Structure formats: C-alpha cells, structure tokens
Protein chains: 2
Amino acid sequence: MYSFINKINFYACLSQTEKAALHDCVDSKHHLSRGQTLASAGEKTDGIDIVTDGWACRFKRAHDGSDQIIALMLPGDQCEDVSPVACPLDHDIRALSDLRITRLDRRKLLSVISPDSGLSDGLAWSSIVDRSIMGEWLLNVTRRPAAMRLAHLLCELFTRCAIIGRTQGNRMHFPLTQVAMSESLGLSPVHLNRSLQLLRRQQLVSVCRKTLTIIDWPRLVAFAGYSDHYLHTGGKLSADLRLAS
Amino acid sequence: MYSFINKINFYACLSQTEKAALHDCVDSKHHLSRGQTLASAGEKTDGIDIVTDGWACRFKRAHDGSDQIIALMLPGDQCEDVSPVACPLDHDIRALSDLRITRLDRRKLLSVISPDSGLSDGLAWSSIVDRSIMGEWLLNVTRRPAAMRLAHLLCELFTRCAIIGRTQGNRMHFPLTQVAMSESLGLSPVHLNRSLQLLRRQQLVSVCRKTLTIIDWPRLVAFAGYSDHYLHTGGKLSADLRLAS
DNA sequence: CGCCATACATAACGTATGTTGTTCGGGACA
DNA sequence: TGTCCCGAACAACATACGTTATGTATGGCG
C-alpha cells in the first residue's frame, strides 16, 4: 500500500486526507506464492488489486504455446485501471515471486477522487506511464539487438524501483529468472543468457542471487540508448541514479 | 467528428444531449497533408485532437535512425488521453495520408463528462482498447512469424474500420504503404513485401491502389490466429465481418 | 550425506529475417 | 505524349537469433 501511495505521490502531490482516504478504500489483503495466477483473460474484477510486495507480470500465450510478458508489475502497480467500467481482461496475470496484494473497493475509490485533486492527477499519470512503457517495449523488441534490449530493460526496472524507493545504492532486489526476462524481451532463454553474459563481461551489471547490481550506470545507459523520458520522471531521480554509479 | 462519436457510441451508449455536448466542445479544425508531423515528443497540447478523416501513426525513432510505428490512428481516434493532466508526448505523430483533425477543448470536454454517464464509460473503454491493442502488438511482433504478423494486422484494421463504419462489404480504403506496414510490424520493407505476396498467393487478401480487399475472411483469421477479443467488440460485429467473406 | 529440482551455461547447427542493389510499372506533371 | 519519381517487385548474400542437446552449479530436504 505504501508503494502505491509512493508512486502516485511521485507523479502528483497527495494531501494527508487523500492518503488517509486511500487507506479507507482497502477492501481486503491476499498472499500469493510464485507462479500462481492472479487473474485470467475474460475475468472482470469488481475491486482494484494493487501489488504491495513482490513482482507480477501480464502475459499472453502465443499460437505456439510460448508466453509473451507484456508488462512487469512492481510494488505499487495496479492490476486494473481505476475507471468506471470493469473491463474483462484480455490477458493473464501471474506472480513472478511471492506476492502481497491489496484490494481496493472500486466504488469507494471512485467516490474519493475529486476532480483537479492530486489523487485524480496521480492516477491519470500512472495510467499514462503504464501506456508509455508499453510503447517503449514495442520499440525495444522490434528495433534493438538482444544485449541492448536487455540493458534497456534493466535500466527501466532500476528507474522504476527508484521511483518507489526500492533501490539500495547501486543494488536492488530482482526476482526475475532468465526465463522471465527472455519472455519479456521476446528472446529465447539461451540467447538471453548469452546477452546477460555480455553485459557482465563488459562490467556493466551483475545479476545473481535475485539481486541486480549496477556496476556502471552511465555506461549501461549509453549501451542501452536509454532515456527515462517515457517514464515521465521529470528529472526528479537524477540524484538517486547518480548514486548507482 | 462523427467517427469519434460512432466509436464512443460503439462502446457505450451516448444520449442525444451528450452527442450535442461533444459538438459544443469543438475548438477548431485543421487539415494536414501526408507526411506532415502532427505532434512531436515533448510537446504538451492543451486541446484534444481527434482524427476525423485519414490515417495517422504514433512512432518512435530507434538508435539506428529507423522508425517504429507504435500505434495506427484511424478516424475517430484521439491523439491525447482525455485526462485532467496534459502530459508531454514521448513520441511523434505523423500523417499517413491527408488528414482532417478536430480539436476539442480539454476543459470543456472534462466539464461535460458526468460520472456514470455513457460518455464517461465510452471514453474509458476507448482508452482501455488503445492499451489492449498495444499489448496485442507486443505479442504480434515478438511471437508471430512475418506473414502471420501481417495477416493479424490486416484483421485488426479491418475490424477497427468496421467499428467506425468504414468498410464496404469485403473492402476498405487502406492508405498504408508497404514501408508503413513494415514499420508497424518491425520488419524490413523487403520482407514485408515477401509476406504480402504470400498472403496474395494464398488467396487471402489483395492490397492494391490504396484498397484492401479481404478475399477469404475465415481463412485469413485462421492463418493469423486472430481473435477480436482484445478489441472488446463483444461480438457486435459478427454480421459485418461475415459479409467480408 | 545423497537425492532431486531448478536455474544457469555452453556448443553446434539451422533458419527466418535483414541488407544491398537493381529493375519495373504506373501516377503526376509538364 | 514523354519524363520523372515513388512505390513495389525481385534476387544474391549476410547475419542475428532460435533450437536442440547436454553439461554444470546451487539449494532444499529427508
């Protein structure tokens, strides 16, 4: 829940009353273990589920049975849009690690949002950023070679973790397996492995034991051709990210 | 403008007053010719631009100078989200044909939307569908081989044109060049040409003189592994699409 | 300590797709 | 009617990435 408030607050300033109101919208809390399905295509959920701890992903199954991850969900991310309509999902959501979920009451939440408030703006921003990320992923998988693609994903994830205050210096908890990364990037697990080794050999990052360490942030950014514009950070993170080098 | 109302009305029922109110939100109208830039990355637009005639695209430039189209915009599609925040674009928008644009006043539009109205729901749906399309594109470019990818795109575009009432039987106006298609699908122009020829040889479609003709809709759908679930048509188009075979 | 499951690494080989360059045909325009 | 030019077609070649197969760590657990 605090990750969620952190994230919304990052994009638009929330008042104390709004923060309290959000807590009042909590309907229930759940735990899921790694690999479990959170929601399936076709389902309509009445509430709004928030990832409060752990990572999850949205994915689609392809004609050949392989899965493509179309979005990674970090703490603070929502499973559904905060919108008046409860739309049936067109994809599945799966836990990539053990997960804590907080379910908000959709009606209550909608009633709490007053126009021109920080909350209203923050939710709008969050939705826009989610979409921007998909656009950047589209560019990533179509135009960048494997290693660059991977580097770009790592940059994005490090930035997103910084936004919700989950980085420690140049390190962060990183529950993705190589298979999950390959499914995100449209690569085979083998080729992802090769690419990861390349980044390691170049002394750019190290990924091991569920920990991602950024060895040389400026060079990693250059290698990936990364810019955090599409995350709409507004430069608010430059200090945190400099720490990472 | 009518395409826009058509589209919103397809997803949620608009009252006569709401339709009239939308007309009142019109701020100005513009013409653009093919190739012109509608909006550039970093720009914030105060109004909401609607494509009323012609096609446009959102695209991003890659490190090697090539362009990736991340969304195709048909009549009725919006350039910006109808949200309280005017967010700087993270990509460019370009006219793929001669274009007519209608600009709505954001503040007026927002004030016209009452909660739990058809308009409110329709706009929410439209935004959800835009996002779903991106998710499907992500699957398309990463997991499907070239010809299947192309077939899938053609199915999608035919469905979207049917939604706004711009198909004639098994035909539709189709302003995309092969280069534009290749930029949408993450293929080289040459390989797109090969794929298009394959679909033609298989007697599935014919694309010529800016017209797309569906020769065999059921087989095209099967070949593409297409389902319009992600467009949330709710089966409302089955009649129109049967016409296409 | 030994068993097993899972994740990660490496190699050999095949193939889908990209690249370069050339040719062709049909509108636009003089 | 001829000329120009853009979009489309085609061929020869290059390569990045996928596939299959097998080997190596690591950690949980009785």
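Just so it is clear, the structure is predicted and the values come from calculations on it, not from any experiment. Lettering follows sequence order; numbering is per chain, from 1.
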**Study point:** Selection: residues 134-150 of chain B, any non-hydrogen atom under 4.0 Å of DNA chain D
**Key:** none
Nucleotides 26-30 of chain C: which of its N/O atoms have a protein N/O under 3.5 Å away?
residue, atom, partner, partner atom, Å
C/dG27, OP1, B/Arg209, NH2, 2.7

Study note, to complete from the structure: Contact string for nucleotides 4-14 of chain C, one letter per nucleotide 5' to 3', B = base within protein heavy-atom range under 4.0 Å, S = sugar-phosphate only, - = neither, reads ---SSBBBB--
Exercise for review: Could you list the residues that satisfy side chain to side chain contact (heavy atoms under 4.5 Å, CB included) with A/Cys87, not counting sequence neighbours?
Suggested key: B/Trp125, B/Ile128, B/His232
Practice item. Sort and list the pairs that fulfil salt bridge (Lys or Arg N to Asp or Glu O under 4.0 Å) and have at least one residue in residues 132-142 of chain A, not counting sequence neighbours. Key: A/Glu136-A/Arg144, A/Glu136-B/Lys60
Revision key, fill the gap. With a 4.0 Å cut-off (strictly under) to non-hydrogen atoms of chain B, the first and last hit nts on DNA chain D, 5' to 3', are D/dG7 to D/dA12
Practice item. Identify, with sequence neighbours excluded, every residue that meets side chain to side chain contact (heavy atoms under 4.5 Å, CB included) alongside B/His173. Key: B/Pro175, B/Lys210
Revision key, fill the gap. Sorted by chain and number, sequence neighbours left out, side chain to side chain contact (heavy atoms under 4.5 Å, CB included) with B/Val221 holds for B/Cys155, B/Trp217, B/Tyr226
Review point. Which pairs pass salt bridge (Lys or Arg N to Asp or Glu O under 4.0 Å) with one or both residues in residues 177-189 of chain A, sequence neighbours excluded?
Key: A/Arg94-A/Glu183
Study note, to complete from the structure: Residues at least two apart in sequence or cross-chain that pass side chain to side chain contact (heavy atoms under 4.5 Å, CB included) with B/Asn193, listed by chain then number, are B/Gln178, B/Gln197
Practice item. Would you mind reading off the bend of the helix from C/dC1-D/dG30 to C/dA30-D/dT1 from its two end axes, five pairs each, to 10 degrees? Key: 40°
Study note, to complete from the structure: Contacts of A/His191 meeting ring-ring contact (aromatic ring centres under 6.0 Å, His included) (sequence neighbours excluded), chain-then-number -> none
